[in-house]
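Owing to the predicted nature of the structure, the values given are computational and were not obtained by experimental measurement.
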Amino acid sequence: MKIRLFTIPNLLTLSNLMCGAFAAVYVLEYRMLTVALMLVIAAAVFDFFDGFVARLLKSSSPIGAELDSLADMISFGLVPASVAYVLFVESMPECMPQWMRWAGIVLCFSIAAFSALRLAKFNIDETQHTEFEGLPTPANSLFFLALGYIYEQGNFAWGVWIPLIALFMGLMLVSPVRMFALKFKGFGRKGNEIRYSFILLSAVLCILLKVYAIPVIIILYILFSTVRWALGKGRKTSGLND
C-alpha cells in the first residue's frame, strides 16, 4: 500500500505541530506567553481544518489520524505543561522547601502525561464521535495559555497554586465525564439547547472580558458538561430502579 505523506490535510496537521513547537520555544526560552497563546490559537485552527479538509477532499487516512495525535501532543500537551511550569517557577517564594518545588514542577508537567493518555484513549474509543469523554486537550491548552497571558498583563497572582490547578485539569482530561461537542447534527433548537446556550454565554463573556474570558469559558464548559452528565446518569439509574 502506497502511503502519501504530503497531502493537504497532513500539511495542515504539520502546521499545527510547527505552531506548537514554536510556542514551546517562546514559553521555555523567551517567557513570551502572549506570543505562545497566539501560536496555540493558530494550532487549534489548523487542528480544526485538517479534519474538515480531509473529509471534504475524501483523503482521510490512518497516517493522518496518527499524525494528528502527535501534533496535538506538542501543541496541546507539551505547551500547556510548559506554561504551567513557567507560571509556577516565576511565582514560588524563595522560602519554599526544595521538595515542594520539585513536587510542583512534576505536577505541572503531569499535564503532558495526562494529555498523552487522553489522546491515546481518544484514538481507540469509538464512542467519542459526537461527544467527548474527558476534557479535550485543545480546551485544556487554551486554558493555561490564557492564564499565561493574564500573568503577562500583571493580573495573575495564583502562580503558587498552579500545580494543584494542573493536577485538577489533568484529571479532567482522563475523567469519565461525558462532555458535549460543538457538533450540530441540525440547526434546530431541539437537541442543541446546551450548545446554543453555551455559545451565547461564551460570546457575551468574550465581548465583556476578551482574552480573560477563555479560562472562565473552559471552567463553565466543565461545569455544564459535568451537570449534564450527572443528570443523565441519574435518569438512567432512576429508569433501572423503576
Side-chain angles (χ1 to χ4, degrees), residues 9-53 67-90 107-119 122 132 134-153 155-156 158-159 162-163 165-166 168-170 172-174 179 181-182 199 202-203 205-206 209-222:
N10 286 355
L11 290 174
L12 291 171
T13 304
L14 290 172
S15 298
N16 166 10
L17 187 150
M18 293 297 289
C19 285
F22 280 112
V25 171
Y26 274 106
V27 172
L28 294 172
E29 182 69 19
Y30 302 112
R31 301 296 200 261
M32 298 176 66
L33 306 184
T34 300
V35 175
L37 171 62
M38 298 300 107
L39 286 167
V40 166
I41 290 174
V45 172
F46 285 122
D47 184 50
F48 172 80
F49 278 106
D50 62 0
F52 177 80
V53 171
L67 185 62
D68 187 69
S69 289
L70 293 172
D72 287 355
M73 186 57 220
I74 300 296
S75 300
F76 311 132
L78 176 61
V79 175
S82 301
V83 172
Y85 163 76
V86 168
L87 291 177
F88 176 61
V89 298
E90 295 283 335
L107 287 177
C108 289
F109 278 102
S110 71
I111 295 171
F114 283 118
S115 297
L117 289 171
R118 172 73 178 81
L119 291 165
F122 180 81
F132 304 114
L135 181 68
T137 53
N140 182 63
S141 187
L142 288 172
F143 175 84
F144 281 99
L145 268 295
L147 293 186
Y149 171 85
I150 295 170
Y151 171 79
E152 281 201 339
Q153 304 307 307
N155 296 317
F156 185 74
W158 314 304
I162 280 291
I165 297 173
F168 170 76
M169 296 298 283
M172 290 309 304
L173 286 168
V174 297
M179 300 195 174
L182 296 177
I199 290 172
S202 298
L205 287 171
C206 286
L209 302 177
K210 298 183 172 57
V211 177
Y212 292 76
I214 293 176
V216 177
I217 290 170
I218 302 302
I219 293 298
L220 287 175
Y221 174 65
I222 293 172

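Between Tyr85 and Phe109, the ring planes lie tilted relative to each other; the angle falls in the 30° to 60° range. A perpendicular orientation is assigned to the rings of Tyr212 and Tyr149, their planes being inclined by more than 60° (bins at 30° and 60°). In this structure, Tyr26 and Tyr30 have tilted ring planes: the angle between them lies in the 30° to 60° band.
Contact check on Arg31 versus Glu152 returns no salt bridge, with no Lys/Arg side-chain nitrogen under 4.0 Å from an Asp/Glu carboxylate oxygen.
Considering only heavy atoms from C-beta on, Leu205 comes within 4.5 Å of Leu220 through its side chain. Considering only heavy atoms from C-beta on, Tyr151 comes within 4.5 Å of Glu90 through its side chain. Residues Met169 and Ile218 meet the side-chain proximity criterion, which asks for heavy atoms closer than 4.5 Å. At least one side-chain heavy atom of Pro163 sits under 4.5 Å from a side-chain heavy atom of Phe88. At least one side-chain heavy atom of Phe143 sits under 4.5 Å from a side-chain heavy atom of Leu147. Taking the side chain as every heavy atom from C-beta outward, Pro215 and Leu142 never approach each other to under 4.5 Å. Between Gln153 and Ile150, the closest side-chain pair of non-hydrogen atoms is not below 4.5 Å. Inter-residue side-chain proximity for Met32 and Val27 is flagged as unmet; no heavy-atom pair is nearer than 4.5 Å.
In this structure a side-chain-to-backbone donor-acceptor pair under 3.5 Å is present from Ser75 to Asn16. Checking side-chain atoms of Ser141 against main-chain N and O of Pro138 turns up no donor-acceptor pair under 3.5 Å.
Taking a 6.0 Å sphere around CE of Met18, one finds it holds 12 or fewer heavy atoms contributed by other residues, nucleotides or ligands. Residue-environment remark: CZ (Phe156) exceeds the threshold of 12 foreign heavy atoms within 6.0 Å.
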Take Asp50 and Thr13 through the test side chain to side chain donor-acceptor pair (under 3.5 Å) and record every step on the way to the result.
-> CA-CA 6 Å; Asp50 62 0; Thr13 304; 2.7 Å; yes

CA sep, side-chain torsions, deciding dist, call: Leu78, Ser82, side chain to side chain contact (heavy atoms under 4.5 Å, CB included) = CA-CA 6 Å; Leu78 176 61; Ser82 301; 3.9 Å; yes

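Of the candidates Leu17, Asp47, Leu119, Asp68 forms a side-chain contact (heavy atoms from CB on, under 4.5 Å) with just one, namely Asp47.
A distance of 10.5 Å separates OG of Ser110 from CG of Leu117, quoted to the nearest 0.5 Å. Here Leu67 contributes atom CG and Asp72 contributes atom CG; the two are 9.5 Å apart, rounded to the nearest 0.5 Å. Going from atom CG of Leu37 over to atom CD1 of Ile41 covers 4.0 Å, rounded to the nearest 0.5 Å. Atom-to-atom distance recorded for Arg118:CZ and Met73:CE is 13.0 Å, nearest 0.5 angstrom. Interatomic distance, Ile162 CD1 to Ile165 CD1, rounded to the nearest 0.5 Å: 4.5 Å. In this structure, CG on Leu33 lies 13.0 Å from CZ on Phe144, to the nearest 0.5 angstrom.
Phe46 and Cys19 make their closest contact through CE1-SG, 3.9 Å (heavy atoms, listed as atom of the first residue, atom of the second, distance). For Ala81 against Ala112, the heavy-atom pair with the smallest separation is CB-N, 3.9 Å. The minimum heavy-atom distance between Ser202 and Ile217, with the atom names listed, is OG-CG2, 3.5 Å. Residues Ala24 and Val79 approach most closely at N-CG2, 3.9 Å, considering heavy atoms. Nearest heavy atom pair, residue Leu173 against residue Ser115, reads CD1-OG, 3.6 Å. The shortest non-hydrogen separation linking Val40 to Ala23 is CG2-CB, 4.1 Å.
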